[in-house]
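Taking it in order: structure first as structure tokens, then the write-up.
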Amino acid sequence: VIVLNRILDAYAGTGDAEGAVRIYELLRHRVRPTRVTFNTLIKVFCARDNTNATESVLKTMGNMGVAPDEVTFVTLLSAHCRRADARAAEGTLARMRSYGLDAGVVGLTSLMKMHGELGDIGRARELFADLAEAELDTTAYNTMMDLEAKAGNAQAVKGMLREMTERNVAPNTSTFNILINAESKKGSTAGATKYFLQMEAAGLKPSRFTYNTLIRCFGQAGDIERADAIYLTMLDVGIRPD
RNA sequence: ACCUAGCCUCAC
């Protein structure tokens, strides 16, 4: 089953829903599909915005006595958030409550991002504030920090970064990418460099996002030499340009 | 170190 699930997940990545269905049909009688199998199928169909197929997976789950869980609904919820469909997101929340499930950090983070990007950062802040301290994780902080950064609230970003360390929520590569990007948008190559060094000092590996952001930062600041040097460093550490 | 859901750059 795990092999099947992994294959289905790979199909989700390529957006090949037909291929996913083909292998699922081929194997569903040899191995018993689990909740993860169905959740992964839903992920496949959400990537294609195929609501009908998603509903039929839910039906099949019901017929097979496999109860949907938080992942099932949050997969749906996040898909609606990605499309900025607040109505549908609300509907999914109501539906999951009817199953006795509540949205956890992951779902709330998706909602935060949607509201923030729809211009309602106040709503995003409320959702963030409603998260229990024990639930706050790196991605929740990253998402809220990025929204604040993009809204131009540099002091809020600083405050959240401090709060993360106070609460022992470890920053990751995305955290620093967000900070570097925020400095870049302000035109501060010095600020971007500062966070890049902090990232390395924290033992985190710069990603393609990091290099792309830095190249753009120095490029638009007119420092082509430095942008080029960063590009070469990227190749050096084995990251392919995209 | 991970079978499934949420975060970061750019692609006009």
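Each chain gets a letter, A, B and so on, in the order the sequences are listed, and its residues count up from 1.
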Check nucleotides 9-12 of chain B against the protein and report each pair of N or O atoms closer than 3.5 Å, with its distance, or say if there are none.
residue : atom : partner : partner atom : Å
U9(B)   : OP1  : K150(A) : NZ           : 2.5
U9(B)   : O4'  : T213(A) : OG1          : 3.1
U9(B)   : O2   : N212(A) : ND2          : 2.8

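A heavy atom lying under 4.0 Å from RNA chain B marks the following residues of residues 108-130 of chain A, by number: T109(A), S110(A), K113(A). Contact check of residues 138-145 of chain A against RNA chain B (heavy atom, cut-off under 4.0 Å) returns T139(A), A140(A), N142(A), T143(A). Scanning residues 75-100 of chain A for heavy-atom distances under 4.0 Å to RNA chain B yields T75(A), S78(A).
Of the candidates C3(B), C7(B), A5(B), the closest approach to any side-chain atom of K43(A) belongs to A5(B).
Between Y24(A) atom OH and C3(B) atom P there is a gap of 21 Å when expressed in whole angstrom units. Spacing between atom CE of M160(A) and atom P of C7(B) amounts to 16 Å, rounded to whole angstrom units. In this structure, the CG atom of L179(A) is 12 Å from the C1' atom of C7(B), given to the nearest Å. The separation between I7(A) atom CD1 and U4(B) atom P is 14 Å, rounded to whole Å. Between the CG atom of L58(A) and the C1' atom of A5(B) there is a distance of 14 Å, given to the nearest Å. Following rounding to the nearest Å, E70(A) (CD) and U4(B) (P) show an atom-to-atom distance of 15 Å.
Listed for the R208(A) side chain is no donor-acceptor partner under 3.5 Å among the backbone atoms of P241(A). Here the side chain of S188(A) pairs no donor or acceptor atom with the backbone of E183(A) at under 3.5 angstrom. Using modelled atom types, one side-chain atom of R35(A) and one backbone atom of A67(A) make a donor-acceptor pair closer than 3.5 Å. In this structure a side-chain-to-backbone donor-acceptor pair under 3.5 Å is missing from N153(A) to A156(A). T75(A) places a side-chain N or O within 3.5 Å of a backbone atom of V71(A) that can act as its donor or acceptor partner.
For K150(A), the side chain to side chain contact (heavy atoms under 4.5 Å, CB included) criterion is met by D146(A), N181(A), not counting sequence neighbours.
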| query | Taking it one step at a time, do L179(A) and V157(A) satisfy side-chain contact (heavy atoms from CB on, under 4.5 Å)? | reply | CA-CA 8 Å; L179(A) 295 166; V157(A) 174; 3.6 Å; yes

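Electrostatic pairing of R87(A) and E90(A) does not count as a salt bridge here, judged by no charged N lying under 4.0 Å from a carboxylate O.
Counting only N and O atoms by type, the side chains of T51(A) and T54(A) include no donor and acceptor under 3.5 Å apart. S207(A) and T210(A) are linked by a side-chain donor-acceptor pair at a separation below 3.5 angstrom, with hydrogens and angles left out of the test. Inspection of the D69(A) and T72(A) side chains reveals an N or O donor paired with an N or O acceptor under 3.5 Å.
Within the 4.0 angstrom heavy-atom criterion, base atoms lie near S174(A).
Within the structure, every pair that satisfies the ring-ring contact (aromatic ring centres under 6.0 Å, His included) test and touches residues 105-147 of chain A, not counting sequence neighbours, is listed here: F128(A)-Y141(A).
For the residue pair E200(A) and P206(A), the shortest heavy atom distance occurs at OE2-CG, 4.1 Å.
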